[in-house]
Amino acid sequence: MNQWKNFSKGFIRENAVFVLFLGLCPTLGVTSTAINGLGMGLATTFVLFMSNIVVSLIKSLIPNKVRIPTYIVVIASFVTIVELTMQAYLPTLFEQLGLFIPLIVVNCVILGRAEAFASKNNLLTSAIDGLGMGLGFAFALTLLGAVREILGSGSLFGLKFIAGDGILLFILPPGAFLALGYLIVIMNKIKEKTT
Amino acid sequence: MNSTILITVITLSAIGMAAALILYFVARKFRVHEDPRIDEVEEVLPAANCGGCGYPGCRNFAEALVKSDSFEGLFCPVGGNEVMAKVAEILGREAVTQAPLVAVVRCNGSPGHRPKTSVYDGPVTCAIAHALYTGESDCPYGCLGYGDCVEACTFDAMYMDPKTNLPVVIDNKCTACGACVEACPRDIIELRKKNPKDRKIFVCCINEEKGAVARKNCKVACIGCGACVKVCPFDAITLENNLAYIDAEKCRLCRKCSPVCPTNSILEINFPEKKMVVKGQEKKDAKEGSGKEEKVAASGSEQKESGEESKKDKESNSSNK
Amino acid sequence: MEYVIIIISAVFVNNIVLTRFLGICPFIGVSSRVSTALGMSGAVAFVMTIATLVTYLLQVYILNPFGIAFMQTITFILVIASLVQLVEIILKKVSPPLYQALGIFLPLITTNCAILGVAILAQQNEYNLLESVVFGIANAIGFGLALILFSGIREHLSMVNVPKAMQGVPIAFIVAGLLAMAFMGFAGIV
Amino acid sequence: MAEMIEHTGIVREIGPEGMKVRILSEPACSACHAREICGSGNSREKEITIREWQGNFHPGEQVQVMITESLGLKALFYSYILPFLLVLLCLVVLTAGGTREWLAGILSLSVLVPYYLILYVLRKRIDRVFSFSVSRFT
Amino acid sequence: MLKTFAKGGVHPPENKLSASRPIESLPLPQTVSIPLSQHIGAPPAPLVQKNDQVKTGQLIARGEGFVSASIHSSVTGKVVKLEEVMDAGGYRRPAVTIQVGEDEWMPEIDTSPGLIKEFDLSGKDIIEKVKEAGIVGMGGATFPSHVKMSVPRGKKAELLIINGVECEPWLTSDHRLMLEKGEELLVGIRLIMKALQVEKALIGIENNKPDAIEHLSGLCLGEKGISVVPLKVKYPQGGEKQLIKALTAREVPSGGLPIDVATVVHNVGTAFAVYEAVQKKKPLIERVVTVTGPSVKKPCNFLVRTGTPVSHLIEAAGGLPDDTGKIVSGGPMMGKALNSLQVPVTKGTSGILILPESMSVRKPVLPCIRCSRCIFVCPMGLEPYLLMTLSEKKMTEKMEKEHVMDCIECGSCSYICPSNRPLLDYIRLGKAQVNQLIRSRKK
Amino acid sequence: MDKLLRVSYSPHIHGENSVPRLMWGVIASLVPAFVLSVLYFGLGAILVTATSVLSCVLFEYLIQRFIMKVPPTVNDGSAVVTGVLLAFCLPATIPLWLVALGALVAIGVGKMSFGGLGSNPFNPALVGRVFLFISFPVQLTSWPLPMGFKTKLVDAATGATPLGVIKEGLLNNQQVPPLMDDIPSHMQLFYGNMNGSMGEVAAMALLLGFIYMVVKKIIPPVIPLTILGTVFVFTGILWLANPESNADPLFHLLTGGVMLGAIYMATDYVTSPMTKKGMVVFGVGIGVITVLIRRFGSYPEGVQFAILIMNAFVPLINSWFKPKRFGEEVQHG
Amino acid sequence: MAKKESTLLNMVLTLLVVTAVASTALGFVYEFTKGPIAAAREAKRISAIEQVLPEFDNNPGSEVKALAMDGDSVYLYTGRKDGEWVGTAVQTFSKQGFSGYIWLMVGFLPDGTIHNIVVLEHKETPGLGDKMEQEKSFDKKTGKSWSSQFFGKHPDNFQLMVTKDGGDVDAITASTISSRAYCDAVNRAYQAFKEGGNQ
Ligand SMILES: Cc1cc2nc3c(=O)[nH]c(=O)nc-3n(C[C@H](O)[C@H](O)[C@H](O)COP(=O)(O)O)c2cc1C
Ligand SMILES: Cc1cc2nc3c(=O)[nH]c(=O)nc-3n(C[C@H](O)[C@H](O)[C@H](O)COP(=O)(O)O)c2cc1C
Ligand SMILES: Cc1cc2nc3c(=O)[nH]c(=O)nc-3n(C[C@H](O)[C@H](O)[C@H](O)COP(=O)(O)O)c2cc1C
Ligand SMILES: Cc1cc2nc3c(=O)[nH]c(=O)nc-3n(C[C@H](O)[C@H](O)[C@H](O)CO)c2cc1C
Ligand code: SF4
Ligand code: SF4
Ligand code: SF4
Ligand code: SF4
Ligand code: FES
């Protein structure tokens, strides 16, 4: 497989959020600002990348029937690692993301990739797939975060560019749904145009 | 070793083991091992999820293909033989080929041919107009022209020709899924065998009324005179209920029938102009035919107004030269 | 009173789907059948109760005393995943027709995300055992409420001509957004 | 006519125990790669045994399996709601009675054991209640 | 408070222009085409052949089977064609076309004007005579009347209801009949009562026909068991279920027949036809037809022989107005639009309504705004907006569950809808789909 | 015959009602309220209403024309109604760009995303209004004093609405009876002499509009009556139980958006139930939620949320409360 | 797909190995991050105390006094420089916020004057109530935040109530409720300070 294609598919064509509609809970839950979205996205990317590597490495050693539990353990371990390191070195971000860091475990994207991709492909391909899908996920989260932040508080990555407040609704829960809804429509249009 | 690590290892191993055992049993109980070939088969299916195969989705069809021992009754009309061959390859089986079909509209009652006798003022759907009355002409068999068939086609393979007010099938887009056949309340559309270069000869009428009545209502109606039946060298034409029908299986595209039809209701489509073909054949026929030929061509092109079709016409013409 | 507050808060004010964003996948994917929504919240209530119960015991009597609370995520997910499936195995063994009937009736088996989320939230809120369980139930109800309302609206939408570009997931999100907006009216009620 | 819940399936075999029908996953789910672990899909294969039916079916045929909505709700009640209520009740009673928390927790969980035992004992009767009907796929 | 049915209904402008015009006999046309299927049920086979000479009232097709009706020649003359002619839907149906000659009636028919009150026939004989005369319901449904008079075993009729409601706007044929043939009508009612073995009959008449109410009430004074009940004007009071509800407060159960609540409903025209058939031995070969419309020069009530082409009636009413857009056979709410003037009058034709272009163009359809008006006016308690959508989306089973088959096709919903939605069009389509489904299930 | 006849199914005649006619009827009934609001709030009322209506119509036109690519249907009048009602629940001094934004959300999100007239599950005007309320609480809670044409367009003297005064007081552990002294009398409330959004202040004018619509058979009176009745009864019970911390029921009826909401917003055909039974349930629901929010929630006013929440229930109500079918139960009279 | 046959033994072994490896790794990561996590947690409180008190050189975290008030606890941290009391930081709360608890750290000078206030935690609406956080309402021109009005005031002669209720505090625009809660929390801190803050 063309590795570049393999890597880039996660951004638009097979984007986990906009196209496959996976991992929606964190997508909505943490994207009140772009930086949160990016943080969450990168954390997920890390887990996805690492677990894809590990799964791909050990795939031939795992008896078929304990596949899923093994994957869960692997993924959960990486999640815990992320959790602990974030807590230690990025405490503010950790607080913002809160519940959704442990919930990376159940993010369908990760297990789905492990099961459907890494368990069938070689190390490099799996790693690149993990990286691509993860960064695509991060891209989606950052984009949504950016949109919400720009509309909601008139700033981007914390830099304010309008005086006063934005449209508050967008940083509140309803805004997450609305912004994502319209983003999906726009992304669909883009996808249609490009393919 | 550090005690926390020890406890960690012990607890997690314990929990992990317990969980794993449970999950193991679950796996054994539930996860009927999915045949990986299902995925492969699904890959080659067109993913149109149109239901043309009779299954709710392509994946379900893939499952059915893998699970069943033969291909009997299993055919993807959208992918056609090509796809079925691929599937057969994956499954290591003999492919069944099915002659490719294409939808054909068997009515040529454009306003020029079929006088309008009333104005329909109800909802724009053939189903309702059909239930209400004969439609805007007096032909109770003819196309109503409200495009239920076009609406039903999920492949954009049909459109209503604004000039003739008749639906047109774009041959290379049509997958023979049969949705239009289902949709037409008058059973005008038929799935017919696809011939090379999309050539077709068929009786473009389904009117079963007596000749005089039929003719009064539509100039290009089949009046059941039987001339074509007599002229067909292959016994491909049958006459029933005042209506001729060309059996596509038997028809060899010899084009003898269409010139003899007094109402021009036999259409030839995508054939090169008569002269070319005729050259090597009986000269007499050519001479006779030349009088009617224009008409035939006219009615043919009238139905196939689309640019695509006429382009094709040209192509096949030039290639024949 | 404590319990009433937990319930009202979880159902209306901090609805699990509409403001906490958990269990979005089933919310988006589930059918437009009201009874299915009811069924899902019933099943989720059971699973959540059991899950919060077990994870509570695990956390308070194993993880905390041994000082390995950081193992929360990994142990919880293992326990929850296996519990849910254990219930299924048992059901299938105990009464196959019952199990089969459920199989047709409910599209769900687990909504891991919501169950893990609620189990962790119960810990974060430092609820005691009973409160944790009530919290679980309340969230199941909240989940059901959102789902039922949504199934109704979905049915309505299947009857009107939603623009093609909006159909499916986008419109579901718009509805969820407007629903969440309406639910903001409950702010401060507890 | 009672509300019916329908599901598409394929007849797998017809044997002495009845007709076994494999339930197909929803088209939307079937195309998704994450279905194996996704909570909400019909990821797992399910097989339904039908004991009584009318008409001729043959293996490989596509059918609709149906139960009434009320039967579905009843199944839900026996498999989830009732045990749930039992656990809750037990928990409330025990905590109110001052039992220590961990004990109360474990005891109320263990209520499920006799519950499922009873279900097991009664399975014949339950079997009779839950019957499915099939019809040809239209 | 006047009686009426409980739920729904509309009140379109009445426009009974021809109410004061006495019934005139229409001169015979040159040819008549008598369709062989003028009723619900199987069409009978013709007994005559081409070039046969027939007399007025002669049997030309015998109704075979129970639900069928005989057809008689309405004129004297020569059979010129046994071919299909266009029916009101444009479809060709078998018919007997007769070149009209000197009007010569079958000898046994009593053509004298005198009123014959007395009869001593048994119920069975009456039904037999009704059947022989080819009488079908003249209220529009053209259901063979003898069937309705033969109460099925296990059921009992208690009450005969005579439908003099004529709730359709514009139409006045029943109204005139009640005014001009009141006495004959009452004899007819007595005959039907005898056939049904009931003691009581009610004549329901809407309050916009005070003269008819007064006239018939007067006549009824001497009649035991027959009384006239004035009703509030509300469409579709003439629908038998609504009429029964209005008069007796009984509700015919969903999917049931009037006989399920021990009643039988007949139209006044039917009762009059029964009188003529039994007392005068005259088969059903003519009926009263209203020809009317806003631009019609001379709105009239004609006594017309069956088979007469509609164009002949229109000529007699002053010719086709220039602004004609639509011609309706029957009333504006339930009638059928004609696509040709050559369509013959049949036993069920109660009126010819000529609508100008301005009234006949349907307005553009807007989306349903869920205003509930269709629900409020539906006399059957259905949800037309929902049924239409279901029909559009081909959700046949759901439609069945929503009781689409209960719809009596009164058109109140389409009439009222502010979005001009063609509700009834789609509901009819839906009913056909459901019918198919039911039939396929029986297979 | 040369002229072709028209053919269609029956019925061949049609009643007089049409969507534009109904919509313009609603608008006509809103005239008294508009006149009063101009009297109270001056030029601002005119500007806000005009902006709102124009933006609604414009956005609907643009969206239909350029995004959905369907023939625009702005002349059915529904966008005008949305515009007027959106304006009526805004303060008269609100910046006009906010009005336009609200209109965009009302039409774009609330209506057109679902396919336009008849498809939207939530009341568009309220979607716009709640969107603004949540996004710009400062501007949306700055209520000008009713000073007629003396009302300044910006930086007008503002004050809390009567409901706001009560809520504030209660949160501050004050009691209701003394708070009532700061509030205009019931009679004044009835005339609309109070702080509030421009259309909702004058109960009198709204009732007039209500009567007009009922007489003209534009709406059945069920929904408004049940809402007002429920609010009256529920607040009445609270008041009788504890007059110290609850205002009297009449006060609750006359203040805030209850009148406007009950008469115009809850009656929107598209977003309200289809049967009388359903309407009663809907109305009671709105009444109860309104009072709950007013009394126990953070916001002084709850009608807007109550209506939106009940809008979400409408599809369920519609499938649970069917009209009674003829012949459903055998009736032997 | 991994086509390894499953036997009970290899399954159990696999899982054992996987969990063991995983947990060992986690244990090490935990050990490694334990310190930084604790430090990060502490840092937040310390930095708050540092912000609200004048310079000090002791560890206020070691001199904590907890007072039960209104159903929750208020904590007092004493700050000293060269052994001398320079002020007390009071970790206080209010339940009257627009949405739930508000936690503040209020620094008092020994005489009871408010030195500075930091918001520790709150759930008020972004853009409204959250202006109580200094950085959210910081005005570059004046160099002041909304909470600046409290600094240097003594609660005995500065009415800790919003002006609407007759106090001296100008409420945050459109957030009277949050402002009121803020005052309530500061008030509580002052009560606590009076009760237990004096050395
Ligand atoms: C199959 C069938 C059987 C009927 N049997 C009876 C009957 O036994 N008694 C009766 O009074 N009417 C009977 N009817 C006639 C109906 O009651 C009714 O008059 C007819 O369908 C037309 O009524 P309408 O014009 O109101 O639609 C029957 C109709 C049908 C279709
Ligand atoms: C909507 C509707 C309106 C009707 N209006 C009348 C009417 O005005 N007068 C009438 O005689 N029959 C009317 N009918 C027909 C009656 O339902 C019924 O068929 C008839 O009265 C039975 O009598 P018949 O069999 O003698 O025709 C109407 C039917 C329907 C469905
Ligand atoms: C979405 C939203 C969020 C709000 N958040 C707060 C808040 O955080 N703090 C607050 O005091 N008021 C909040 N409010 C309440 C209003 O601003 C309320 O009108 C105000 O507290 C009282 O008005 P006043 O401060 O101008 O007197 C909020 C209102 C809305 C609509
Ligand atoms: C009685 C009545 C009330 C209406 N109320 C509203 C309303 O509150 N908000 C609104 O946006 N449109 C209202 N409309 C207009 C229209 O129905 C609305 O824009 C639709 O919801 C758009 O689909 C109303 C229309 C009528 C006839
Ligand atoms: S609907 Fe008809 S035209 Fe379209 S693809 Fe199917 S068969 Fe061909
Ligand atoms: S072919 Fe049939 S469906 Fe298509 S337009 Fe003609 S009548 Fe309608
Ligand atoms: S649904 Fe049928 S019965 Fe009801 S109003 Fe419409 S046409 Fe009449
Ligand atoms: S009357 Fe028309 S607009 Fe009103 S609900 Fe019925 S179909 Fe819809
Ligand atoms: S349910 Fe939460 S991510 Fe799927």
Only pairs of heavy atoms separated by less than 4.5 Å count here; which of F/D76, F/T267, F/D268, F/V270 has the most with chain E? F/V270
So [Y] and [X], do their side chains get closer than 4.5 Å, heavy atoms only?
| X | Y | answer |
| --- | --- | --- |
| F/P220 | E/F376 | yes |
| E/E409 | F/S10 | no |
| F/S8 | E/R362 | yes |
| F/F326 | E/H403 | no |
| E/I369 | F/L117 | yes |
| E/L386 | F/M274 | no |
| F/K322 | E/E402 | yes |

Option that, when pairs with chain F are counted at under 4.5 Å, heavy atom only, ranks first among [options]:
| options | result |
| --- | --- |
| E/M359, E/Q242, E/E357 | E/E357 |
| E/P367, E/S254, E/C371 | E/C371 |
| E/C410, E/S419, E/S311, E/S372 | E/S372 |
| E/G255, E/G411, E/P332 | E/P332 |
| E/V361, E/D322, E/I244, E/L353 | E/V361 |

Considering only heavy atoms, which portion of [X] lies under 4.5 Å from any heavy atom of chain F: side chain, backbone, both, or neither?
| X | result |
| --- | --- |
| E/L366 | side chain |
| E/K7 | side chain |
| E/C368 | backbone |
| E/P169 | side chain |
| E/N420 | both |

Look only at the side chain of F/H12 and the backbone of E/I327, and say whether a donor-acceptor pair between them is shorter than 3.5 Å. no
Heavy-atom cut-off 4.5 Å, strictly under: side chain, backbone, both or neither for F/P273 against chain E? backbone
By a 4.5 Å heavy-atom criterion (distance strictly below it), what part of F/I13 contacts chain E: side chain, backbone, both, or neither?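 Contact with chain E involves both backbone and side-chain atoms of F/I13.
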Minimum heavy-atom distance E/E251-F/K324, with the two atoms named: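 It is OE2-NZ, 4.1 Å.
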Closest heavy-atom pair and its distance - F/H14, E/I416: NE2-C, 4.4 Å
If the test is side-chain contact (heavy atoms from CB on, under 4.5 Å), which one of E/V10, E/V328, E/L424, E/L423 qualifies with F/P11?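 Answer to the side-chain contact (heavy atoms from CB on, under 4.5 Å) test with F/P11 among E/V10, E/V328, E/L424, E/L423: E/L424.
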Within 6.0 angstrom of F/K69 NZ, more than 12 heavy atoms from elsewhere: no
